[in-house]
K.L.:
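Could you have a look at this structure, given as structure tokens, before my questions?
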Amino acid sequence: MTATALTWQQLRDLKPSEFEDAGDTWHEVSGRSESDRVRVDRAMSAKLRETQESESADAALGRLQRLSRNYQYLQTECGLIRTALNALAADLAEPQRQLKQALEDAAALNFSVHEDGSVSYPAAEVEDLTGAKKEAPGSKVQGSSRLPLEPPGLGGNGQSPLYPG
């Protein structure tokens with residue numbers, strides 16, 4: 001399994017509600033598919049069975065059954081897509097909250113987070129062990145602008161630490 005990288009800026013700017021809104025749209029498609037399946041089963045197939053007896057009617061019933069199964073498949077798949085989108089929104093919400101909190105904390109300390117993930121911090125006055133005040137120089141530390149996304153419980157190699165492959 002290959003990890004996908006997400007920049008801290010992308011995570012910061014992400015709108016989980018857009019995933020949820022997309023999930024709601026897939027739910028609407030799922031609901032329409034269910035309604036269409038019921039219409040095929042109850043209105044079309046049932047009426048055909050009640051009113052017709054012929055090879056043509058049997059062939060039409062076979063096609064209607066296949067159409068009903070397709071609607072049921074579509075309903076199920078749309079439900080799975082909705083579940084995946086809602087799970088993605090939920091899975092990204094906490095890391096996004098933590099990132100925003102870290103950025104707020106950095107700003108409160110006059111730290112600067114740069115596009116490449118590095119952080120600069122200003123010089124500060126500190127006390128040494130004797131209580132004497134002296135100037136500590138500011139600096140810049142290098143980080144990474146990319147955040148690896150791993151499935152929960154999997155290590156960097158895509159395998160479970162509990163059940164190595």
Side-chain angles (χ1 to χ4, degrees), residues 1-107 111-119 142-165:
M1 183 178 295
T2 304
T4 302
L6 178 71
T7 67
W8 66 266
Q9 298 94 332
Q10 289 170 323
L11 181 59
R12 176 198 61 206
D13 299 338
L14 189 76
K15 293 177 179 62
S17 62
E18 291 178 356
F19 292 112
E20 293 165 347
D21 292 346
D24 291 344
T25 301
W26 282 103
H27 180 66
E28 291 171 15
V29 174
S30 177
R32 284 193 306 263
S33 299
E34 171 63 7
S35 296
D36 291 342
R37 185 194 62 78
V38 168
R39 189 174 317 117
V40 166
D41 290 347
R42 292 187 183 158
M44 298 169 76
S45 295
K47 293 288 184 194
L48 188 60
R49 262 190 233 98
E50 291 171 7
T51 61
Q52 304 294 315
E53 288 186 27
S54 68
E55 285 183 30
S56 298
D58 290 343
L61 279 171
R63 290 187 183 113
L64 287 171
Q65 287 172 342
R66 183 171 33 167
L67 180 61
S68 176
R69 286 191 306 270
N70 287 341
Y71 279 130
Q72 184 175 10
Y73 176 79
L74 183 59
Q75 177 195 11
T76 301
E77 293 301 309
C78 289
L80 292 172
I81 293 169
R82 178 188 189 204
T83 299
L85 288 168
N86 287 337
L88 178 61
D91 286 350
L92 291 173
E94 181 59 19
Q96 183 184 50
R97 186 200 64 74
Q98 291 174 355
L99 172 63
K100 287 181 176 182
Q101 182 63 54
L103 291 170
E104 287 174 18
D105 292 347
F111 288 19
S112 298
V113 180
H114 304 284
E115 294 295 313
D116 66 356
S118 63
V119 177
Q142 185 62 42
S144 173
S145 64
R146 297 212 166 280
L147 307 169
L149 294 179
E150 291 288 336
L154 295 181
N157 61 2
Q159 294 185 359
S160 168
L162 299 176
Y163 304 103

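Position 1 is the first residue of the sequence; numbering continues from there. What's counted below: heavy atoms across the whole structure, side chains too, no hydrogens, waters or symmetry copies.
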K.L.:
Between Gln10 and Ala5, what is the shortest heavy-atom contact and its length?
P.N.:
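Residues Gln10 and Ala5, closest heavy atoms: OE1-O, 4.5 Å.
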K.L.:
May I ask you to decide if Leu61's main-chain N or O and Ser45's side chain share a donor-acceptor pair within less than 3.5 Å?
P.N.:
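No; zero donor-acceptor contacts below 3.5 Å.
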K.L.:
About how many Å separate NE2 of His27 and OG1 of Thr83, when rounded to the nearest 0.5 Å?
P.N.:
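Thr83 atom OG1 to His27 atom NE2 measures 10.0 Å (nearest 0.5 Å).
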K.L.:
Does Ala89 offer a backbone N or O that forms a donor-acceptor pair with the side chain of Glu20 under 3.5 Å?
P.N.:
no
K.L.:
Indicate yes or no: at least one non-hydrogen side-chain atom of Ser30 is less than 4.5 angstrom from one of Arg82.
P.N.:
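A side-chain contact under 4.5 Å is absent here.
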K.L.:
Rounded at 0.5 Å granularity, tell me how far CG in Leu64 sits from CZ in Arg39.
P.N.:
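Between Leu64 CG and Arg39 CZ, I get 12.5 Å after rounding to 0.5 Å.
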K.L.:
Distance from Lys100 atom NZ to Leu11 atom CG, nearest 0.5 Å?
P.N.:
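It comes to 8.5 Å.
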K.L.:
Looking only at heavy atoms, what is the nearest atom pair of Asn86 and Phe19, with distance?
P.N.:
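Nearest heavy atoms, Asn86 then Phe19: OD1-O, 4.4 Å.
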K.L.:
Taking side chain as C-beta onward, heavy atoms only, is Gln101 less than 4.5 Å from Asp105?
P.N.:
yes
K.L.:
Can you give me the closest heavy-atom contact between Glu115 and Trp8, atom names plus distance?
P.N.:
O-NE1, 3.6 Å
K.L.:
Is a donor on one side and an acceptor on the other found under 3.5 Å between the side chain of Ser35 and the backbone of Gly31?
P.N.:
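Judged by distance alone, yes, a pair lies under 3.5 Å.
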K.L.:
Between Glu77 and Leu74, is any pair of side-chain heavy atoms under 4.5 Å apart?
P.N.:
no
K.L.:
Distance check, rounded to the nearest 0.5 Å: Arg97 atom CZ versus Leu92 atom CG?
P.N.:
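It is 14.0 Å, given to the nearest 0.5 Å.
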K.L.:
How close do Ser68 and Val40 get, heavy atom to heavy atom, and via which atoms?
P.N.:
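Answer, listing the atom of Ser68 first, then Val40: CB-CG1, 4.1 Å.
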K.L.:
Enter the distance from Lys15:NZ to Gln96:CD here, rounded to the nearest 0.5 Å.
P.N.:
9.0 Å
K.L.:
Give me the atom names and distance for the closest heavy-atom approach of Val29 to Cys78.
P.N.:
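Minimum heavy-atom contact is CG1-SG, 3.5 Å.
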K.L.:
Over all heavy atoms of both residues, which pair between Arg12 and Leu103 is shortest? Give the atoms and the distance, please.
P.N.:
CD-CD1, 3.9 Å
K.L.:
Does anything in residues 47-69 pair up under salt bridge (Lys or Arg N to Asp or Glu O under 4.0 Å), and if so which pairs, sequence neighbours excluded?
P.N.:
none
K.L.:
Apply side chain to side chain contact (heavy atoms under 4.5 Å, CB included) to the pair Val38 and Glu34, showing each step before the final yes or no.
P.N.:
CA-CA 6 Å; Val38 168; Glu34 171 63 7; 3.6 Å; yes
K.L.:
State the CD-CG distance between Gln9 and Leu14, to the nearest 0.5 angstrom.
P.N.:
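Atom-to-atom, Gln9:CD and Leu14:CG are 13.0 Å apart.
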